[in-house]
Amino acid sequence: MPVTAPGEASDWFSYEAVGRGITRIWEPHVHPYFRSNIFRVRGHDVDLVIDAGMGLVPLGPVLNLPSTKPVLAVATHIHVDHVGGLSEFETRAGHRHEAALFAAMADEHTLAHLFRAQPEAVARSPTRAWSPQSVQVRPAPLARILDEGDSIETGDRSLRVLHLPGHSPGSIGLLDERSGDFFAGDAIYRGRLIDDLPGSDVQAYRKTMQRLLQIEFNRAYCGHGEPIDQNELRSIARAYLDSSS
Ligand SMILES: [Zn+2]
Ligand SMILES: [Zn+2]
């Protein structure tokens with residue numbers, strides 16, 4: 001993806017084209033715990049931005065979004081590493097179980113205080129005179145409230161909303177059944193799955209893992225780290241089921 005913004009933003013984000021009009025974007029200088037993925041999905045009629053990173057540097061200018069096409073920003077859940085930049089986008093969507101909370105973006109839901117307390121929260125400052133203490137997620141009320149089974153249409157893709165609670169109450173995934181692209185949020189990713197945050201629910205997470213074992217897809221684009229295939233996703237889900245109770 002061409003980087004269009006001059007100055008600080010241009011080297012804050014890293015990019016990788018991952019196929020079928022999808023770009024993975026991440027913030028390499030952010031502490032690994034908070035280094036999440038942003039996905040830009042090019043659609044025929046609508047472009048999607050799935051999650052919005054930490055919001056430490058404006059994201060919009062580097063996404064190279066066309067001005068003539070609508071953009072829908074979808075939050076997979078309300079944690080700070082996924083919604084920090086959400087307020088930049090005019091049209092936003094998220095799951096019903098967290099929908100009301102996006103209007104306030106209180107620390108108790110975004111967990112922004114955990115980032116402020118994180119030693120070495122960033123490897124280098126995103127802007128001059130920046131400090132982690134300044135991090136506060138801006139309110140981003142939702143225009144569209146998503147439920148299990150809803151479809152997000154881009155003109156050439158249809159993404160089905162899957163409610164995948166456990167990591168957080170309103171965690172969702174988006175599944176394109178035709179292409180097999182699966183955007184998993186923090187429901188699953190490579191590495192230790194976090195189920196002990198305020199709002200986490202181990203029993204709900206176990207049900208989500210059982211559900212994930214049944215889903216057919218080609219490639220999962222996770223909230224953190226590299227994309228994974230179905231075999232790897234299933235082994236992560238089985239390992240979670242074996243080790244939790
Ligand atoms: Zn999360
Ligand atoms: Zn996350």
Side-chain angles (χ1 to χ4, degrees), residues 12-14 16 24-40 49-57 59 73-87 92-99 101-102 104-118 120-123 132 135-137 140 142 146 161-174 182-209 211-212 220-228 233 236-237 240 244:
W12 182 254
F13 297 98
S14 291
E16 175 188 31
R24 179 169 83 99
I25 301 144
W26 67 98
E27 296 169 277
H29 310 292
V30 168
H31 190 283
Y33 291 170
F34 295 89
R35 190 185 303 149
S36 65
N37 288 322
I38 301 154
F39 294 99
R40 178 204 195 282
V49 178
I50 301 173
D51 286 336
M54 286 294 310
L56 308 182
V57 161
L59 171 63
V74 182
T76 61
H77 63 300
I78 200 172
H79 291 159
V80 60
D81 47 331
H82 301 261
V83 300
L86 193 63
S87 65
R92 303 172 287 253
H95 188 264
R96 178 173 301 284
H97 284 194
E98 293 171 358
L101 311 175
F102 284 81
M105 292 291 196
D107 281 357
E108 63 179 304
H109 302 118
T110 66
L111 310 179
H113 57 289
L114 300 182
F115 180 76
R116 292 195 293 269
Q118 176 67 50
E120 298 174 39
V122 294
V135 173
Q136 186 73 52
V137 181
L142 301 182
L146 300 173
V161 175
L162 310 181
H163 182 214
L164 302 172
H167 172 78
S168 83
S171 280
I172 56 168
L174 302 175
F182 175 39
F183 298 91
D186 280 359
I188 197 159
Y189 48 83
R190 199 180 279 166
R192 188 177 88 79
L193 298 175
I194 311 291
D195 63 2
D196 54 359
L197 295 168
S200 295
D201 177 337
V202 172
Q203 291 313 313
Y205 217 169
R206 288 178 59 83
K207 284 197 186 117
T208 283
M209 291 304 158
R211 184 173 186 195
L212 289 173
Y221 297 104
C222 305
H224 295 262
E226 309 267 318
I228 59 177
L233 180 141
I236 295 168
Y240 183 82
S244 63

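In listed order, ligands and their atoms are each counted from 1.
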Student: Counting only N and O atoms by type, is there a donor-acceptor contact under 3.5 Å from the side chain of Arg206 to the main-chain atoms of Ser244?
Tutor: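 Pair found, side chain donor or acceptor close to backbone of Ser244.
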Student: Check His79 and report its N/O/S atom nearest to the Zn ion (ligand 1), by atom name.
Tutor: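 That would be atom ND1.
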Student: Need the atom name: nearest N/O/S atom of Asp81 to the Zn ion (ligand 2).
Tutor: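 Within Asp81, restricted to N, O or S, the Zn ion (ligand 2) is closest to atom OD2.
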Student: Under 30°, 30 to 60°, or over 60°: which ring-plane class applies to His29 and Trp12, parallel, tilted or perpendicular?
Tutor: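 Tilted.
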Student: Please assess Asp195 against Tyr240 for the test side-chain hydrogen bond (donor to acceptor under 3.5 Å, both in side chains), listing each intermediate value before the final yes or no.
Tutor: CA-CA 10 Å; Asp195 63 2; Tyr240 183 82; 2.6 Å; yes
Student: Rounded to the nearest 10°, what angle sits at the Zn ion (ligand 1) between NE2 of His167 and NE2 of His77?
Tutor: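 Output for this angle: 110°, rounded to tens.
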Student: Do His82 and Asp186 have side-chain atoms, one donor and one acceptor, less than 3.5 Å apart?
Tutor: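 Short answer, yes.
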Student: Specify whether His167 and His77 have parallel, tilted or perpendicular ring planes, treating 30° as the upper limit for parallel and 60° as the lower limit for perpendicular.
Tutor: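 Perpendicular: the ring planes of His167 and His77 meet at over 60°.
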Student: With carbon and hydrogen excluded and only N/O/S kept, which atom of Asp186 is nearest the Zn ion (ligand 1)?
Tutor: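 Atom name returned: OD2.
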Student: For the Zn ion (ligand 2), does an N/O/S atom of His82 lie at less than 2.8 Å?
Tutor: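 Checking the Zn ion (ligand 2) against His82, an N, O or S atom does fall under 2.8 Å.
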